[in-house]
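Notes follow once the structure below has been shown.
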Amino acid sequence: MVEYPDVKQYIRQEYEGIFSEAMMERHYQYYVELELSQKQLVNLQVLSGLKSRDRLLDLGCGFGSFVLVCRQAGIAADGLDIAPYQINFARERLGTLVANCEPNQVYHLGDAQATGLPDASYDVITAWNLLEHVPNYRQVIAEAYRLLKPGGLFVGVAPNYLAFRREAHYQVPWLPLFPRPLARAYLRKLGRRTDFLDNSLYYLTNWGALRALKRRGFQLLHPQLLKFEHPELIVSARIKNGVQTLERWHLLPLVKLAFRLHLWNPLRHGIYFAARKPL
């Protein structure tokens with residue numbers, strides 16, 4: 001496995017006083033190394049049926065690991081991020097690891113709220129832990145809708161700030177929708193920097209994200225319900241047998257209802273959405 005000490009130093013400079021030492025290492029493992037991105041791609045392929053001829057855009061691509069994994073798998077993936085250092089690293093690494101592609105045409109420096117990319121250009125758009133970092137997440141949703149082809153899929157994850165959980169970045173106990181003046185005082189008391197809270201964190205809720213998707217015109221999907229309706233998407237034989245047993249016992253409608261309720265649970269820790277642009 002290739003190590004990138006300059007990137008580790010960059011992460012330390014960016015997040016010292018925000019992340020713990022363990023969190024800095026985890027950030028490097030998750031967003032620079034490729035294992036997490038490889039798992040995300042497998043899950044996305046099961047969910048979307050993503051093929052090599054399809055075009056994908058990763059909004060908030062960071063160091064470019066997910067796009068790199070897609071390119072290595074033969075998928076025409078692009079990435080966009082607002083951070084120059086991360087885009088430059090992504091371009092350099094792609095140029096050394098993947099032949100016959102132009103890194104400057106793959107990774108774009110720009111704002112996910114207004115990308116400047118052409119309408120209806122992509123079959124799939126991803127936003128892994130992006131929406132909580134933009135001032136107007138509704139504008140990102142609108143931009144994803146514009147960029148998707150009819151029938152295209154928008155998939156993403158984000159922390160839910162209405163949940164009782166640890167803050168996803170500072171990794172300290174956090175109140176739901178913690179009032180910012182109190183949150184600043186709390187972080188200062190813990191010896192943490194508050195500029196990240198002020199400039200890079202924007203509270204997002206599960207209901208807020210799902211309602212914004214619906215209002216923009218997306219059709220919400222649930223990954224588990226999709227598998228119930230299309231058993232061919234289920235890879236595990238054990239899960240297939242379980243679904244067939246639920247069908248025989250006429251319990252499948254209750255299970256589907258439970259998944260729908262969980263999707264809209266306002267207190268769930270994380271937001272995981274999959275939404276399709278209508279044909």
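Here, residue 1 is the first one in the sequence, and each next residue gets the next number. Source: prediction; values computed, not measured.
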| said: Please report whether the ring centroid of Phe89 lies less than 6.0 Å from that of Tyr10. | reply: no
| said: Taking Leu197's backbone N and O only, do any of them form a donor-acceptor pair with Arg180's side chain (distance below 3.5 Å, no angle check)? | reply: yes
Show me the side-chain donor-acceptor pairs of residues 57-65 shorter than 3.5 Å, one per line, residues at least two apart or across chains.
residue, atom, partner, partner atom, Å
Asp58, OD1, Thr126, OG1, 2.8
Ser65, OG, Tyr31, O, 2.9
Ser65, OG, Val32, O, 2.9
Ser65, OG, Arg93, NH2, 2.8

| message | I want to check something: taking the side chain as every heavy atom from C-beta on, are Leu175 and Tyr186 in contact at a cut-off of under 4.5 Å? | response | no
| query | Looking only at heavy atoms, which two atoms of Phe273 and Leu210 are closest? And how far apart? | reply | CB-CD2, 4.2 Å
| request: Start with the C-alpha gap between Gln171 and Ser20, add the side-chain angles, then the distance that decides, and say whether side-chain contact (heavy atoms from CB on, under 4.5 Å) holds. | output: CA-CA 8 Å; Gln171 286 296 300; Ser20 66; 5.7 Å; no
| Close side-chain approach of Tyr170 and Ile18, heavy atoms under 4.5 Å | yes
| remark: Between Leu213 and Ala275 the two heavy atoms that sit nearest each other are CD2-CB, 4.2 Å
| query | Can you get from Leu204 to Phe196 by hopping between Ile, Leu, Val, Met, Phe, Trp and Tyr side chains that sit under 4.5 Å apart? | reply | no
| So does Glu25 have more than 12 non-hydrogen atoms from other groups sitting under 6.0 Å from CD? | yes
| About how many Å separate CG of Leu187 and CG of Leu182, when rounded to the nearest 0.5 Å? | 11.0 Å
| query | Just wondering, are more than 12 heavy atoms of other shown residues or ligands nearer than 6.0 Å to CZ in Phe164? | reply | no
| message | Counting neighbours of OH on Tyr203 that are heavy atoms of other residues, nucleotides or ligands and sit closer than 6.0 Å, is the number greater than 12? | response | yes
| Arg26 and Glu33 ion-paired at < 4.0 Å | no
| said: Regarding Asp123 and Arg55, does a basic nitrogen lie under 4.0 Å from an acidic carboxylate oxygen? | reply: no
| task | Would you indicate whether the side-chain heavy atoms of Tyr85 and Asp6 approach each other to under 4.5 Å? | result | yes
| Shared hydrophobic cluster, Trp174 / Leu190 (ILVMFWY, side-chain heavy atoms < 4.5 Å) | yes
| request: Please lay out, stage by stage, how Glu167 and Tyr161 fare under the test side-chain hydrogen bond (donor to acceptor under 3.5 Å, both in side chains). | output: CA-CA 8 Å; Glu167 203 287 312; Tyr161 280 92; 2.5 Å; yes
| message | Restricting to side chain to side chain donor-acceptor pair (under 3.5 Å), what partner residues turn up for Glu3, sequence neighbours left out? | response | Lys8
| request: Could you tell me whether the side chain of Asn160 and the main chain of Asn206 form a donor-acceptor pair under 3.5 Å? | output: yes
| note | Hits for side chain to side chain donor-acceptor pair (under 3.5 Å) against Asn136, two or more places apart or cross-chain, chain-then-number order -> none
| remark: CG (Leu50) and CG (Leu153) are apart, to the nearest 0.5 Å, by 9.5 Å
| From Asp119 CG over to Glu143 CD, what is the distance, rounded to the nearest 0.5 angstrom? | 8.5 Å
| message | Whether Arg216 engages the ring of Tyr145 as a cation-pi pair (distance to the six-membered ring centre under 6.0 angstrom, angle to the ring normal within 45°) should be assessed. | response | yes
| said: Checking Asp195 now: which residues fulfil side chain to side chain contact (heavy atoms under 4.5 Å, CB included) with it, not counting sequence neighbours? | reply: Arg193, Asn199
| request: Sequence neighbours left out, what passes side chain to side chain contact (heavy atoms under 4.5 Å, CB included) with Asn88? Give chain and number order. | output: Arg91
| query | Of the non-hydrogen atoms in Ile141 and Ala209, which two are nearest, and what is the gap between them? | reply | CD1-O, 4.1 Å
| field | Donor-acceptor under 3.5 Å (Trp207 side chain, Trp264 main chain) | value | yes
| said: Does Gln29 have more than 12 heavy atoms from other residues, nucleotides or ligands lying within 6.0 Å of its CD? | reply: yes
| query | Looking only at heavy atoms, what is the nearest atom pair of Leu148 and Phe218, with distance? | reply | CD1-CE2, 3.7 Å
| In Å, rounded to the nearest 0.5 Å, how long is the span from CD of Gln86 to CD of Glu14? | 7.5 Å
| field | Polar side-chain atom of Arg276 near backbone of Pro278 as donor-acceptor pair, under 3.5 Å | value | no
| message | Please determine whether residues Tyr15 and Tyr30 belong to a single hydrophobic cluster, defined as Ile, Leu, Val, Met, Phe, Trp and Tyr linked transitively by side-chain heavy-atom distances below 4.5 Å. | response | yes
| field | Residue pair Arg166 / Pro173: nearest heavy atoms and the distance that separates them | value | NH1-CD, 3.8 Å
| request: Walk me through it: do Ile75 and Asp54 pass the test side-chain contact (heavy atoms from CB on, under 4.5 Å)? | output: CA-CA 7 Å; Ile75 295 163; Asp54 292 337; 5.6 Å; no
| same_hphob_cluster(Tyr28, Trp128) at 4.5 Å side-chain heavy-atom cutoff | no
| task | Show the numbers, then the answer: is there a side-chain contact (heavy atoms from CB on, under 4.5 Å) between Tyr272 and Val155? | result | CA-CA 8 Å; Tyr272 177 30; Val155 179; 3.8 Å; yes
| With Gln9, which residues qualify under side chain to side chain donor-acceptor pair (under 3.5 Å), at least two apart? | none
| said: Applying side-chain contact (heavy atoms from CB on, under 4.5 Å) to Glu132 and His169, what does each step give before you reach the verdict? | reply: CA-CA 11 Å; Glu132 75 274 22; His169 307 84; 3.7 Å; yes
| task | Give the cluster check for Leu147 versus Val134: same hydrophobic cluster or not, with ILVMFWY residues linked at side-chain heavy-atom distances below 4.5 Å. | result | yes
| query | Roughly how far, to the nearest 0.5 Å, is CG of Asp81 from CG of Leu109? | reply | 8.0 Å
| request: Search all heavy atoms of Leu41 against all heavy atoms of Ala73 and return the closest pair with its distance. | output: CD2-CB, 3.9 Å
| said: Would you compute the distance between atom CD of Gln219 and atom NZ of Lys277 and round it to the nearest 0.5 angstrom? | reply: 12.0 Å
| field | Validation row: Val67, Asp78 side chains within 4.5 angstrom (heavy atoms) | value | no
